[in-house]
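Working notes for the structure below.
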Amino acid sequence: MVYDYIIQNYKNGEPIFLSELPGGSKDYLRQEMKQLVDEGRLNRLYNGVYYLSYQTILGTKGKISIDCYIEKKYLRNGGYITGLQLANKYGFTTQNPSCYEICSNEATTKQRKQMIDGNTIIIYKPLTDITEDNKSVLQFLDLMSVIDKYSEISGAELTKKLKRYVKSVKVDFSMVKEFLPLYPDRVYRNIYEGGLMGELV
């Protein structure tokens, strides 16, 4: 039975995509999932995405893990976080993002907004296909396109933090040169003002 497979392979709050469940007939699977939802053993997030029904230690109804959903849906097969969330993660700003911004191969339009369980996710289509090889480079170029907008630090402190970031994510500057023409001119300017021109030449 599909429920036995689910409880053995999924944790509380983890999204269950219909497309990843074993079984030949998707119609049969949908019927099974609908029955499990009707019985209260599963919750439907939206069509084709489910999660186990569970209670928290406080006795409240458990929710889906939004971070886990984003990881499985948008990041695992070519994607990365971007925007204010990226700048915050690496300490360029203390501002907390009000939404999740993701660049993903899953995107079919230039920009799309999705509401998931009260959370806003903005999904951007990448300028080129994201691969394991170029992911850190494209994410770096995205950061450099907004660093002047979001960074709360400047000068030598900004240069130091940028160099630390570049080292930690292993940005390949020969690939930066390759993808730089895809980005607006301000990215080149921000790289220059961020003290990273030495890496490019």
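Values below: all heavy atoms of this structure, side chains included; hydrogens, waters and symmetry mates excluded. The residues of the chain are indexed from 1 along the displayed sequence.
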Is a side-chain donor-acceptor pair under 3.5 Å present for S25 with D27?
-> no
Would you please say whether a donor-acceptor pair under 3.5 Å links the side chains of Q35 and Y3?
-> no
Indicate the atoms forming the closest heavy-atom contact of N134 with T128, along with that distance.
-> ND2-CG2, 4.4 Å
Contact summary for L42 and I16, nearest pair of heavy atoms = CD2-CD1, 4.1 Å
Hey, would you say the F173 and F140 ring centroids sit under 6.0 Å apart?
-> yes
Over 12 foreign heavy atoms within 6.0 Å of NZ, K11 | no
Heavy-atom side-chain proximity of E71 to R76 below 4.5 angstrom = yes
Taking atom OH of Y90 as the centre, report whether more than 12 heavy atoms of other residues, nucleotides or ligands fall under 6.0 Å from it.
-> yes
Looking just at side-chain N and O atoms, do Q55 and T60 make a donor-acceptor pair shorter than 3.5 Å?
-> no
Hey, are Y50 and E14 close enough side-chain-wise for a donor-acceptor pair under 3.5 Å?
-> no
For N47, does the CG atom have more than 12 heavy-atom neighbours from other residues, nucleotides or ligands under 6.0 Å away?
-> no
Roughly how far apart are M144 CE and Y192 OH, rounded to 0.5 Å?
-> 13.5 Å
Distance (rounded to the nearest 0.5 Å) between L138 CG and L127 CG | 7.5 Å
Those residues that, when tested against Y28, pass side chain to side chain donor-acceptor pair (under 3.5 Å) (two or more places apart) | E32
Is there a side-chain contact between Y69 and L45 (heavy atoms, below 4.5 Å)?
-> yes
For E132, does the CD atom have more than 12 heavy-atom neighbours from other residues, nucleotides or ligands under 6.0 Å away?
-> no
What distance do S168 atom OG and K161 atom NZ have between them, rounded to the nearest 0.5 Å?
-> 10.5 Å
Any side-chain donor near an acceptor of the partner, D142 and Y124, under 3.5 Å = no
Specify the closest pair of heavy atoms between P15 and C68, including all atoms of both residues, with the distance to one decimal.
-> CD-SG, 3.5 Å
For D148 against R189, the heavy-atom pair lying closest together | OD2-NH2, 3.3 Å
If you measure from CD on E152 to CD on E157, what distance do you get to the nearest 0.5 Å?
-> 10.5 Å
Hey, are E101 and T82 close enough side-chain-wise for a donor-acceptor pair under 3.5 Å?
-> no
Does a salt bridge link K34 with D38, judged by any charged N lying under 4.0 Å from a carboxylate O?
-> yes
Can Q95 and Y150 be counted as having a side-chain donor-acceptor contact under 3.5 angstrom?
-> no
Atom pair OH (Y74) and CD1 (I102), whose distance is rounded to the nearest 0.5 Å = 9.0 Å
Should we say atom NZ of K163 is surrounded by more than 12 heavy atoms from elsewhere, each under 6.0 Å from it?
-> no
So how far is it from L86 CG to L143 CG, rounded to the nearest 0.5 Å?
-> 5.0 Å
